[in-house]
Amino acid sequence: MKDQMKDIVALCKRRGFIFAASDIYGGINGFWDYGPLGVELKNNLRDRWWHDMVIAPPIGPDGTPISIVGVDSSIIQNPNCWEASGHVGGFNDPMVDCRESKKRYRADHVFVLIPKDGEGVSFAFDKDAEDELIEKRLKKLAKGKSIDDFEREMLDQIPAANFNNIVGPDTKNKGTLTEPRQFNMMFHTYVGATASDDNKAYLRPETCAGIFLNFKNVVDSSRVKVPFGIAQIGKAFRNEVTPRNFIFRSREFEQMELEWFCEEEDVPKWFDFWVEQRTNFWLSLGVDKSALHFLDVPKDDLAHYSSRTIDVEYKFPFAAPGFDELEGIAHRGNYDLTQHQKHSGAKIEYYDQQENKRYLPHVIEPSTGLTRGVLALICEAYTVDENRPSGVYLNFHPSMAPKKAAILPLSAKPEHVEPAQKLYMELRNEFVVDLDIKQNIGKRYARQDEIGTPYCFTVDSETAEDNCVTVRDRNTMAQERIPLDKVKAFLREKINGG
RNA sequence: GCGGGCGUAGUUCAAUGGUAGAACGACAGCCUUCCAAGCUGUAUAUGCCGGUUCGAUCCCGGUCGCCCGCUCCA
């Protein structure tokens with residue numbers, strides 16, 4: 001399963017889906033470019049999400065359509081916004097490395113036992129270390145001292161100058177811990193001509209902030225009433241320590257986020273609603289149910305703002321035999337609006353005229369990675385088939401396929417080429433289609449298989465007489481003859497489901 | 001960021017301290033009335049920088065990138 005990832009990456013490059021950014025300069029870690037087919041695929045997924053969220057949102061639990069509007073906010077915002085959201089603090093965990101064990105620890109996750117009498121060395125332990133283990137280690141290393149002879153202090157409270165007297169959690173010798181270093185996940189830049197701390201700004205690490213910042217603007221301008229949603233699709237940037245697994249974890253990526261604002265008492269109802277809606281979304285794109293897994297994120301792992309999160313996980317090949325996150329549906333409470341109201345000093349409360357009350361609504365956030373979605377669609381579509389010339393085909397749902405159809409004259413003779421060109425011109429205004437004339441027909445079918453084109457229309461010598469073409473189905477390789485004037489209707493039905 | 005492995009054509013792989021090769025793919029031509037056929041031809045590679053050497057793709061150092069394991073992923 002893991003080896004399949006290599007084949008998928010090779011196919012993506014060979015056929016023009018995804019390239020390493022700055023390829024000719026040797027690449028740059030964590031950044032990717034989308035080629036001619038990749039951008040079509042990505043746009044298809046993006047447009048479908050926008051359609052299903054903003055243009056034609058789902059029917060709500062009470063049988064009436066819900067209300068969602070869109071925004072497109074700036075990537076760079078006032079830096080105070082990231083103080084309020086917790087990103088400046090939250091992404092700033094000081095880390096300590098051990099030179100001997102080569103392990104890295106969060107300074108606030110390690111406690112140190114300091115001898116009460118001030119004699120001898122101190123010992124560091126993981127914050128979850130149990131007493132039994134501590135005593136065992138002390139017995140070995142501390143010359144008969146026991147827990148009661150020490151004071152407990154968290155490592156991040158101890159001056160780095162004293163680190164040389166501390167034995168690291170996984171060593172026997174003192175002085176192996178480095179001084180704490182800050183790791184900030186946010187990319188920063190400077191606004192204006194001079195680069196100084198006064199005009200430092202950040203590239204957004206997630207798109208949702210732009211929604212919260214515009215909550216009041218949208219309420220005041222759009223006649224929306226709680227419950228309602230604001231959606232956004234756009235790029236986000238995180239300076240990941242370790243970009244991994246192709247486009248799964250990259251430093252520049254694209255998110256599709258909905259913030260659903262509702263009253264606190266309705267949260268359970270809407271939470272379940274959105275889990276169901278979002279699941280249906282992925283299923284409707286051809287993702288198999290067995291490829292999805294729902295993780296009710298354990299309390300300890302929840303983000304600081306969330307009281308409940310369900311991760312929709314996909315069976316990515318690199319995660320085999322497990323799953324990895326595709327989408328998160330989080331109850332964010334009213335943390336964000338509260339924080340931004342407090343830090344900005346602006347009054348952004350919602351006013352309910354009917355009930356005559358003011359409040360900050362709670363938020364359910366279905367948030368998915370567009371670029372992760374692209375990878376999931378590619379992985380899901382990748383199908384090995386020894387029985388066909390290409391050896392593999394991409395089983396995209398027709399609505400997601402970068403090319404909807406190829407028009408193939410059986411030979412390069414004018415009697416085949418001319419009707420094919422005519423058909424191509426008719427189709428191309430409505431569908432992304434290819435006209436491919438060169439080389440033998442088997443070779444062309446194989447090429448279309450590899451890029452996941454669901455249908456090939458072949459013009460042959462009988463076309464001139466019966467005004468029909470042969471349509472060849474990608475998955476079954478079966479052929480069927482249909483009239484030329486039915487081709488558009490055929491494609492519409494297959495792509496949009498009728 | 002740490003440790004290990006690795007970088008040869010578009011892809012998958014060979015080879016070598018002294019001329020870098022194949023398969024598939026791509027392209028051009030011939031052929032061809034439905035699944036990469038056949039034939040002919042063309043283009044394309046030692047990631048980058050430096051060192052050792054008469055000479056480096058090969059040895060050494062750095063750098064960039066990829067893979068695996070840690071760590072990280074509020």
Side-chain angles (χ1 to χ4, degrees), chain A residues 2-3 5-7 9-16 19-31 35 82 85-93 95-106 108-109 170 178 181-186 205-206 238-246 248-251 253 297 301-306 309 311 318 324-325 328 330 332 335 369 385 387-393 408-413 415-416 438-450 456-463 469-474 477-481:
Chain A
K2 288 188 177 176
D3 295 340
M5 212 49 218
K6 273 183 81 171
D7 298 332
V9 174
L11 174 66
C12 282
K13 176 163 195 194
R14 183 156 38 92
R15 289 303 182 185
F19 310 119
S22 308
D23 203 5
I24 62 171
Y25 284 97
I28 175 167
N29 197 359
F31 299 89
W82 306 115
S85 67
H87 285 89
V88 171
F91 278 162
N92 257 329
D93 300 320
M95 305 294 295
V96 169
D97 289 313
C98 176
R99 295 189 192 92
E100 191 171 300
S101 69
K102 304 300 182 193
K103 294 204 172 186
R104 169 174 291 174
Y105 315 92
R106 268 175 68 165
D108 61 337
H109 282 185
D170 298 284
T178 65
R181 282 179 294 178
Q182 306 277 312
F183 287 84
N184 194 312
M185 299 293 292
M186 279 192 292
E206 56 182 22
R238 291 183 197 175
N239 207 347
E240 298 283 356
V241 175
T242 314
R244 277 284 159 91
N245 295 323
F246 199 29
F248 179 79
R249 173 162 295 123
S250 49
R251 292 186 163 130
F253 56 102
V297 178
D301 296 339
L302 287 172
H304 55 87
Y305 52 73
S306 181
T309 298
D311 280 350
F318 54 79
D324 218 330
E325 184 183 356
R332 296 181 75 114
Y335 172 84
D385 181 358
N387 294 322
R388 66 177 70 203
S390 57
V392 66
Y393 67 102
L408 312 175
L410 195 51
S411 79
K413 293 176 188 165
E415 59 180 289
H416 293 160
K438 297 273 180 174
Q439 293 166 331
N440 71 59
I441 189 74
K443 214 165 188 174
R444 286 178 281 163
Y445 281 150
R447 187 184 295 129
Q448 297 299 335
D449 278 350
E450 231 182 10
C456 292
F457 298 105
T458 307
V459 174
D460 57 28
S461 299
E462 283 151 46
T463 300
V469 287
T470 304
V471 51
R472 179 259 197 191
D473 183 277
R474 175 196 62 206
M477 296 164 77
Q479 302 192 351
E480 177 189 356
R481 206 150 173 87

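Just so it is clear, the values below take in all heavy atoms, side chains as well, and ignore hydrogens, waters and symmetry mates. All chains are named by letter (A, B, ...) in the order of the sequence lines, taking the proteins before the strands, and each is independently numbered beginning at 1.
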Inset, instruction - Rounded to whole angstrom, note down the C1' distance from B:U57 over to B:G17. - result: 10 Å

Legend entry - Which residue lies more 5' along RNA chain B, comparing A:Arg472 with A:Leu302 via nearest heavy atoms: A:Arg472

Legend entry - C1' atoms of B:A45 and B:U12, separation to the nearest Å: 14 Å

Inset, instruction - Please report, rounded to the nearest Å, how far the C1' atom of B:A45 is from the CG atom of A:Asp23. - result: 14 Å

Inset, instruction - Check the distance between B:C70's C1' and A:Asn245's CG and give it to me in whole angstrom. - result: 15 Å

Inset, instruction - May I ask you to check if A:Arg474 and A:Tyr393 form a cation-pi contact, with NZ or CZ under 6.0 angstrom from the six-membered ring centre and within 45° of the axis? - result: no

Legend entry - Nearest-nucleotide pick for A:Thr470, side chain only, options being B:A74, B:U71, B:C34: B:C34

Legend entry - Euclidean distance, atom CG of residue A:Asn239 to atom C1' of B:G1 [Å, nearest integer]: 12 Å

Inset, instruction - Would you kindly compare A:Pro243 and A:Asp449 by the position of their nearest RNA chain B nucleotide and give the one closer to the 5′ end? - result: A:Asp449

Legend entry - Heavy-atom check, side chain of A:Tyr445 versus side chain of A:Cys456, under 4.5 Å: yes

Taking only N/O atoms, report every protein-nucleotides 22-33 of chain B pair under 3.5 Å with atom names and distance.
{"from": "B:A26", "atom 1": "OP1", "to": "A:Arg447", "atom 2": "NE", "distance (Å)": "3.4"}
{"from": "B:A26", "atom 1": "OP1", "to": "A:Arg447", "atom 2": "NH2", "distance (Å)": "3.1"}
{"from": "B:G29", "atom 1": "OP2", "to": "A:Lys438", "atom 2": "NZ", "distance (Å)": "2.7"}
{"from": "B:U33", "atom 1": "N3", "to": "A:Ser461", "atom 2": "OG", "distance (Å)": "2.5"}
{"from": "B:U33", "atom 1": "O4", "to": "A:Ser461", "atom 2": "OG", "distance (Å)": "2.6"}

Inset, instruction - Scan A:Ile28 against the nucleic acid and name what it touches under 4.0 Å (heavy atoms): base, sugar-phosphate only, or nothing. - result: sugar-phosphate

Inset, instruction - Go ahead and write out RNA chain B as dot-bracket, 5' to 3': ( ) for pairs within the strand, [ ] for ones crossing earlier pairs, | when the partner sits on another strand, dots for unpaired; Watson-Crick or G-U wobble, both distances under 3.5 Å. - result: (((((((..((((....[..)))).(((((.......)))))....(((((..]....))))))))))))....

Legend entry - Between A:Tyr305 and A:Ser85, a side-chain donor and acceptor under 3.5 Å: no

Inset, instruction - Could you tell me the separation between the CZ atom of A:Arg444 and the C1' atom of B:A36, rounded to a whole number of Å? - result: 12 Å

Inset, instruction - Could you give the distance separating B:A37 and B:G4 at their P atoms, to the nearest angstrom? - result: 47 Å

Inset, instruction - With heavy atoms under 4.0 Å as the rule, sort A:Arg388 into base, sugar-phosphate or nothing. - result: nothing

Inset, instruction - Kindly say whether A:Pro205 contributes a backbone atom to a donor-acceptor pair with the side chain of A:Arg238 at under 3.5 angstrom? - result: yes

Legend entry - Point-to-point distance, once rounded to the nearest 0.5 Å, from CZ of A:Phe253 to CD of A:Glu206: 8.5 Å

Inset, instruction - Write down the distance separating the P atoms in B:U16 and B:C31, rounded off to the nearest Å. - result: 44 Å

Inset, instruction - Check the distance between B:C64's P and A:Ile24's CD1 and give it to me in whole angstrom. - result: 18 Å

Legend entry - Minimum side-chain heavy-atom gap A:Arg481-A:Thr458 below 4.5 Å: no

Inset, instruction - Could you work out the separation of B:A15 and B:C6 based on their P atoms and round it to a whole Å? - result: 14 Å

Legend entry - Side-chain N,O (A:Lys6) to OP1/OP2 (B:C67) below 4.0 Å: no

Inset, instruction - Determine the Euclidean distance between corresponding C1' atoms of B:A56 and B:U19; express it in Å to zero decimal places. - result: 15 Å

Inset, instruction - Could you measure between the two P atoms, the one in B:U42 and the one in B:C48, and give it in whole Å? - result: 26 Å

Legend entry - Span that lies between the P atom of B:G18 and that of B:C58, in whole angstrom: 11 Å

Inset, instruction - Among B:G1, B:U12, B:G10, find the nucleotide with the atom closest to the side chain of A:Ala10. - result: B:U12

Legend entry - Rounded distance (Å) that lies between atom P of B:U12 and atom CG of A:Leu11: 11 Å

Legend entry - A:Arg238 side-chain proximity, nearest of B:A74, B:C34, B:G69: B:A74

Legend entry - Gap between atoms CG and C1', on A:Asp385 and B:C35 respectively (whole Å): 12 Å

Inset, instruction - Return the value, rounded to whole Å, for the distance between atom CZ of A:Phe246 and atom C1' of B:C66. - result: 12 Å

Legend entry - Validation row: A:Asn29, A:Arg251 side chains within 4.5 angstrom (heavy atoms): yes

Inset, instruction - Would you indicate what A:Gln448 reaches in the nucleic acid, counting non-hydrogen atoms under 4.0 angstrom: base, sugar-phosphate, or nothing? - result: nothing

Inset, instruction - For the residue pair A:Arg447 and A:Arg15, establish whether any side-chain heavy-atom pair is separated by less than 4.5 Å. - result: yes

Inset, instruction - Please work out if A:Ser390 contacts a base, only the sugar-phosphate, or nothing of the nucleic acid, heavy-atom cut-off 4.0 Å. - result: base

Inset, instruction - Choose from B:G1, B:G65, B:U12 the nucleotide whose nearest atom is closest to any side-chain atom of A:Asn29. - result: B:G65

Inset, instruction - Just call it for A:Gln479: base, sugar-phosphate, or nothing, with non-hydrogen atoms closer than 4.0 Å on any strand. - result: base

Legend entry - Side-chain H-bond candidate by donor/acceptor type, A:Arg472 with A:Gln448, under 3.5 Å: no

Legend entry - No-hydrogen, no-angle side-chain donor-acceptor test under 3.5 Å, A:Ser306 and A:Arg332: no

Inset, instruction - Output the distance between atom CD1 (A:Ile441) and atom NE2 (A:His416), rounded to the nearest 0.5 Å. - result: 10.0 Å

Inset, instruction - Look at the side chain of A:Asp7 and the backbone N and O of A:Ala10, then say whether any donor-acceptor pair between them is shorter than 3.5 Å. - result: no

